[in-house]
Amino acid sequence: MNADGKTNHDMTNSDIALLLADAADEVEIGIAPYDAVVRGGRRRRARRWAVTAATVLALAASSATLAVAGLPGGGGGRVAPVATQPPTAEERHVYAPQQTLLATGSDGGRAWFVRIEVWGVPRDEVEAQRQLDAMSESGVRPVDVRQASELVGKISYFVFRSVGDKFAPVMQNTVSRTDTLSGTDIQAGALPLVPGSDGPQRLVIGKVAKTAQRVTCRWKGGGMTEIHRVPAGSDVNSDEQVIRPVDGSPYNWFVCLAPEGAAYKSVEVTK
C-alpha cells in the first residue's frame, strides 16, 4: 500500500479491508485494488481503517428523575416525579441504520453518489445479535466481527458508492465509542470512481474531527480542491464537495473528486 511521504502507518491491504461488490449478484470480489491513505495530524499511532475508530452515544443514566421547583405564583410547592424512559433500541437505530448522502454529481455523463449508513450502539448481547441479524438481512456484515458480543458498545458504518448502474460498498468499520479524532487528524481512502475499474484514483472519501474547518485534496500533476465544513442541518446541495456532519457518527465526513484525467496525491486538514 502506498502513501505520501508524510504518512505514518503500518497497515496492510488486509487491514484496510475495503470491499467491492457487484450489486446485481451481490458477489464479494475481495480487497479493493487501490491505495489507501491514513494520516495523523499529530502523528498518532496507526489505526486499522477497517476495524478501529470511534463513536459517542449518550445513554440515559436513570429511568426516573424527581424535579423540585417553585410553582408559578404558588410559593415553591413540589412537582410530582417525572418518569423518563431511556431510548429504545429502535430509537437508537440499533436495528436500522441512519443514512446520510455524502456527495453526488455527474461525471462523463454518469450520475454518481456516495452514501454512508451508521448502525447504533447495542447495549448488550441480545441487541447485538439482533443487529447482526438485521445487517445480514440488508446484505452487509462487519468484516472482523466473529460473534455478536463484539458489537456491544460500538457503532458500525458502511460507505457505499454508486456510478451509473454500478453500486458497491467501499468502506466499513466497527468502532469503539471511546475513540476520537481531534485537531488535524484525518483518515481517508483514495480509489477509482467506477467500481471494479483500474482507472486513476480520483475519488477520496474520509473522516475528520468535528472541529476541522477545511480539507485540501491535492492532485498529481498539480491542482487541488479545497472543501469547507457546513453546519448540521445545512441546506447546501449534496453535489457540492464539503465536510458534512453524519447522523450517528462522531466524526464529520468529506468526499473529494479529482478532475477528469487527474489522480490523488495527498489530503490533509488545512484549517
message: Working note: Q241 + L257, criterion side-chain contact (heavy atoms from CB on, under 4.5 Å); need CA distance, chi angles, decisive distance, verdict.
response: CA-CA 8 Å; Q241 297 178 41; L257 181 65; 4.0 Å; yes
- prompt: Taking C-beta and beyond as the side chain, do Y264 and P200 meet within less than 4.5 Å on heavy atoms?
  reply: no
Of all pairs that satisfy disulfide bond (SG atoms under 2.5 Å apart), the ones with a partner from residues 185-220, not counting sequence neighbours: C217-C256
query: If we only count heavy atoms from C-beta on, is the M171 to R161 side-chain gap below 4.5 Å?
result: no
message: Just verifying a value: how many Å separate R141 CZ and S156 OG, rounded to the nearest 0.5 Å?
response: 10.5 Å
task: Determine, using the 4.5 Å side-chain heavy-atom cutoff (strictly less than), whether I155 and V126 are members of one ILVMFWY cluster.
output: no
field: Which atom of P195 lies closest to which atom of A168, heavy atoms considered
entry: CB-CB, 4.3 Å
- prompt: Just by modelled atom types, is the G120 backbone N or O under 3.5 Å from a matching donor or acceptor in the Q131 side chain?
  reply: yes
query: What's the shortest heavy-atom distance between Q172 and V143, and which atoms?
result: NE2-CG2, 2.9 Å
- prompt: Among all residues two or more places apart in sequence or in another chain, which pass the side chain to side chain contact (heavy atoms under 4.5 Å, CB included) test with Q147?
  reply: S149, E150
query: Can any side-chain N or O of S138 pair as donor or acceptor with the backbone N or O of M135 at less than 3.5 Å?
result: yes
task: Could I get the full list of side chain to side chain contact (heavy atoms under 4.5 Å, CB included) partners for T88, not counting sequence neighbours?
output: E90, E91
message: Angle between ring planes, F160 versus F167, binned at 30° and 60°: parallel, tilted or perpendicular?
response: parallel
message: Looking at Q129 and E125, would you say the former's side chain and the latter's main chain have a donor-acceptor pair under 3.5 Å?
response: no
- request: Any pair with a residue in residues 140-208 that passes disulfide bond (SG atoms under 2.5 Å apart), sequence neighbours left out, goes on the list, sorted by first then second residue, please.
  value: none
task: Output all residues satisfying side chain to side chain contact (heavy atoms under 4.5 Å, CB included) with K271, sequence neighbours left out; order by chain, then residue number.
output: Q213, R214
field: Positive for side-chain contact (heavy atoms from CB on, under 4.5 Å) with F254, one of V114, V242, V269, I186
entry: I186
field: Same apolar cluster: V140 and F113, side chain cutoff 4.5 Å
entry: yes
query: Given the rule in the side-chain contact (heavy atoms from CB on, under 4.5 Å) test, do V194 and K166 qualify, once you have shown the distances and angles that lead to the verdict?
result: CA-CA 8 Å; V194 180; K166 295 184 177 181; 4.0 Å; yes
message: Restricting to salt bridge (Lys or Arg N to Asp or Glu O under 4.0 Å), what partner residues turn up for R229, sequence neighbours left out?
response: none
message: Treating T100 as the side-chain partner and L102 as the backbone partner, does any N or O pair qualify as donor plus acceptor under 3.5 Å?
response: no
- prompt: Which hydrophobic side chains are connected to Y95, either touching it within the sub-4.5 Å cutoff or through other members that do?
  reply: V94
- prompt: Ion pair present between D107 and R202, side-chain N to carboxylate O less than 4.0 angstrom?
  reply: yes
message: Determine whether L151 and L132 satisfy the following criterion, side-chain contact (heavy atoms from CB on, under 4.5 Å), listing intermediate values before the conclusion.
response: CA-CA 8 Å; L151 294 173; L132 198 58; 3.9 Å; yes
field: Taking every non-hydrogen atom, the tightest pair across A103 and V255
entry: CB-CB, 3.8 Å
task: If a pair satisfies disulfide bond (SG atoms under 2.5 Å apart) and one of its residues is in residues 88-188, list it, with sequence neighbours excluded.
output: none
A262: partners by side chain to side chain contact (heavy atoms under 4.5 Å, CB included), with sequence neighbours left out: W219, A258, P259
task: Any disulfide bond (SG atoms under 2.5 Å apart) involving residues 131-205? Give me the pairs, sequence neighbours left out, ordered by first then second residue.
output: none
message: Closer than 3.5 angstrom, by distance alone: can the side chain of T104 be matched with the main-chain N or O of W112 as a donor-acceptor pair?
response: yes
message: Any side-chain to backbone donor/acceptor pair from R115 onto Q99? Under 3.5 Å, distance only.
response: no
- prompt: Apart from M224 itself, what residues make up its hydrophobic cluster when side-chain heavy atoms of I, L, V, M, F, W and Y under 4.5 Å apart count as a link, directly or indirectly?
  reply: none
message: According to side-chain hydrogen bond (donor to acceptor under 3.5 Å, both in side chains), who are the partners of Q98, at least two apart in sequence or on a separate chain?
response: none
query: Are any of the side-chain heavy atoms of V215 and T270 separated by less than 4.5 Å?
result: no
task: Show the numbers, then the answer: is there a side-chain contact (heavy atoms from CB on, under 4.5 Å) between T184 and E268?
output: CA-CA 7 Å; T184 57; E268 61 183 328; over 6 Å; no
- request: Report the distance from atom OG of S249 to atom CD of E117, rounding to the nearest 0.5 Å.
  value: 13.5 Å
statement: Distance col, row R110:CZ vs D165:CG, nearest 0.5 angstrom, shows 10.0 Å
query: Any side-chain heavy atom of I227 sitting closer than 4.5 Å to one from R244?
result: no
- request: Evaluate the side-chain proximity of K154 to W119: yes if any heavy-atom separation is below 4.5 Å, no if none is.
  value: no
- prompt: Should I205 and V159 count as side-chain neighbours, where that means a heavy-atom distance under 4.5 Å?
  reply: yes
statement: Of all heavy-atom pairs linking K207 and Y157, the shortest is NZ-OH, 2.9 Å
- prompt: Would you call D144 and T174 a side-chain contact if the rule is heavy atoms closer than 4.5 Å?
  reply: no
- request: Grab the two heavy atoms, one from V204 and one from A190, that are nearest each other, plus how far apart they are.
  value: CG2-CB, 4.3 Å
